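Read through the structure below, which is laid out as structure tokens, and then see the notes.
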Amino acid sequence: MSLSSDGQTWDPASYSKNARFVSDLGMPVLDLLAPKAGERILDLGCGDGVLTKAINDAGARVVGIDASAEQVAAARARGVDARILGGEELTFNGEFDAVFSNAALHWIKDQGALLAGVWRALRDGGRFVAEMGGAGNVAAVHESLYQALRRRGIDARLCDPWYFPGPDEYGALLAKANFSIDSIDLINRPTPIPGPLADWLDVFAQRFLSAVPAGEQADLKTEVESAVRAKLCDTNGKWTVDYVRLRFKAIKAAG
Ligand code: BEZ
């Protein structure tokens, strides 16, 4: 689920082992998309293509894009049309009935460029249906990463790749980009993860980890785990991360 290649890498095997829940929990946003047979749909940040294939299986003609060449190869192996492209570089013009995105938009730095590209890609009246991290997403982990880096004299703002807006903030960006908003909701979704938090950090928090030398990253992860264990880990050692989703459906108003 990558729309930016900025210092974050995606290994399909590790993604499948540690992050399969990302697509498994994508059903509500897929329901909101409600793909129809024959529609042309763009899947932004398609990752390894699990949801792209579900859209394809609904009879739509889907194109997936992702900035990660490895994830695009994994998506193609599922038999879907997937291309290597970043979210700020969309070149499509009035050719999609819908643009879909799950768990990818929060990696984008230039949201104005992204939304302009999505607007251009849609036909008039086309829909943009997406889910991303929303305000307060993974807050306990996020805050403890900031604190652990601060203790090492590092300002985490300089390496933080995540953008988690609330409905008012993102609604204003959508309106500015000439979308009319059908729905936009902030949803608490505490999410059990398959292994230890350290493995989750290896997949999702690479930019924070690589702010310290490789030899110090294990200590950093241990420190973050200790800081949030009481809140996010039960007595059986099962971790549940404090995910919050922003889910919306917006329509391309004529420009
Ligand atoms: C998310 O999908 O909410 C997410 C992705 C990367 C880091 C943190 C959260």
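One-based numbering, in listed order, for ligands and for the atoms of each. Note that the coordinates shown come from a computational prediction; the quantities given were computed from them, not determined experimentally.
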In terms of heavy-atom contacts, does NZ of Lys36 have more than 12 from other residues, nucleotides or ligands at under 6.0 Å?
yes

Which residues pass the side chain to side chain contact (heavy atoms under 4.5 Å, CB included) test with Val228, sequence neighbours left out?
Ala140, Ser144, Leu197, Leu232, Trp239

For atom 9 (C) of ligand 1, which candidate among Leu105, Asn137, Asp242, Val244 holds the nearest heavy atom?
Asn137

Say whether Arg245 and ligand 1 are in contact under the criterion: heavy-atom distance to a ligand atom below 4.0 Å.
yes

Applying side chain to side chain donor-acceptor pair (under 3.5 Å) to Gln111 and not counting sequence neighbours gives Tyr170

For Phe128 versus Leu105, what's the shortest heavy-atom pair and its separation?
CZ-CD1, 3.9 Å

Is Lys109 salt-bridged to Glu88, cutoff N-O under 4.0 Å?
no

Does ligand 1 have any atom that is closer than 4.0 Å to a heavy atom of His106?
yes

Within a distance under 4.0 Å of any heavy atom of Tyr243, pick out the atoms of ligand 1 and give their elements.
1 (C), 2 (O), 3 (O)

If the contact criterion is a heavy-atom separation under 4.0 Å, does Trp200 count as touching ligand 1?
yes

